[in-house]
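We count ligands from 1, going down the list as the structure has it; atoms in each ligand are counted the same way.
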Amino acid sequence: MSDRDVRIFEVGPRDGLQNESVPISTNAKLRFIGLLADAGLREIEATSFVSPKAIPQLADAEAVLAGLERRPGVRYPVLVPNARGMERAEAAGADAICVFTAASEAFTQANINMTITESIDAFRPVIDRARERGWWSRGYVSTAFGCPYQGEVGEAAVVAVAQQLLELGVDELSIGDTIGVAAPADVRRVVGALDTAGIGPDRLAMHFHDTRGTALANVAAALEMGLRTFDASTGGTGGCPYAPGAAGNLATEDLVYLLEREGLEHGVDLDALLVAARHVSETLGRPVSTKVGLAGGWRVP
Ligand code: COA
Ligand code: ZN
């Protein structure tokens, strides 16, 4: 990858939909994933093998994987919280996984009913197994900028959990602003602390929520620090039932527009992406609300 190439890690079908209360059919999810691949996205987080009691919306994870029309060159990671989730993912034909913990104890407890240390212990056999099978893997560090229960989160806590995840052998880390409280100074602080600890931009993705309108500013700050992988959700949906107050993820269409104007390569066709964004809004029965979803790309008159 050159310095002008940016990876977009699409989380719409997972983070985007997991907190939606209207029932979404497996077919609508599969159509969404197909439209995302049509638009040129090459990493699409497809679903979650978590407890269906914790996340009812994604209880059809097996059916989603079974119905997936896999495109060449596209990776379809799935979320796995424990050994049981790994068994399910293997049986369903997954080949890329994401484990997830957080930089704050209170959120980890609410979200996965474990301490941070317990979560690392739970992931060890999962990542060992993934490596044995040659799967790609990622570790999420949620609440890296703020916790809905504990408040401010210090960068030392982020570095500590990031190091433990990397020791397990994950291929990359996604550093999450789960409730959307960060501003560029926070990005510089956290990414800077990771770098000082020897965890450079090539191992990192940034995962911003746009709760307070700072997501794109945070992307710009991260780009300046050399980050080249960003999570985003087409249609701007997203949130977590265990993260009260969180609003949608950074919208993929907003990210794509910014990258385009910055002259960076991202491989996504904006018009095709807006088709996927409209599919999401029709599925959820509410109007498109993202900036670029409403305005479209800029067609010079
Ligand atoms: N898939 C399906 N079912 C699972 C499961 C998995 N990966 N892991 C556990 N379960 C089931 C158990 O079989 C058990 O079922 P039962 O009540 O019918 O006996 C029940 O869930 C409780 O299992 P337990 O091991 O005691 O888990 P827990 O109650 O401590 O919950 C998690 C732990 C991790 C399974 C649960 O908190 C979870 O799935 N969290 C995910 C939250 C999430 O996805 N958040 C959004 C992403 S940031
Ligand atoms: Zn998220």
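- Salt bridge absent: Arg131 and Asp171 never bring a charged side-chain N and a carboxylate O closer than 4.0 Å.
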Distance-only check: which donor-acceptor pairs under 3.5 Å involve side-chain atoms of residues 292-301, not counting sequence neighbours?
from: Arg299; atom 1: NH2; to: Asp271; atom 2: OD1; distance (Å): 2.9
from: Arg299; atom 1: NH2; to: Asp271; atom 2: OD2; distance (Å): 3.4

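- Taking 4.0 Å as the cut-off between side-chain N and carboxylate O, Glu90 and Arg129 count as a salt-bridged pair.
- Here Asp231 pairs with Arg138 in a salt bridge; the nearest charged N to carboxylate O distance falls below 4.0 Å.
- Salt bridge status for Asp38 with Arg71: present, with a side-chain N to carboxylate O gap under 4.0 Å.
- Residues Asp15 and Ser233 have side chains that never bring a donor and an acceptor to within less than 3.5 angstrom of each other.
- Between Glu265 and Arg4 there is no salt bridge, since none of the side-chain N atoms of the basic residue sits less than 4.0 Å from a carboxylate O of the acidic one.
- At a cut-off of 2.8 Å, measuring from the Zn ion (ligand 2), the protein N, O or S atoms that fall short of it are Asp15 OD2, His207 NE2, His209 NE2, waters left aside.
- In this model, a donor atom of one side chain and an acceptor atom of the other lie less than 3.5 Å apart for Glu10 and Thr234.
- Residues lining ligand 1 at a heavy-atom distance below 4.0 Å are given as Arg14, Gln18, Phe49, Val50, Ser51, Pro52, Lys53, Ala54, Ile55, Leu79, Pro81, Asn82, Arg84, Gly85, Arg88, Phe100, Asn111, Ile112, Asn113, Cys240, ordered by chain and residue number.
- Among residue pairs with one or both ends in residues 199-240, those qualifying as ring-ring contact (aromatic ring centres under 6.0 Å, His included) are Tyr140-His207, His207-His209; sequence neighbours excluded.
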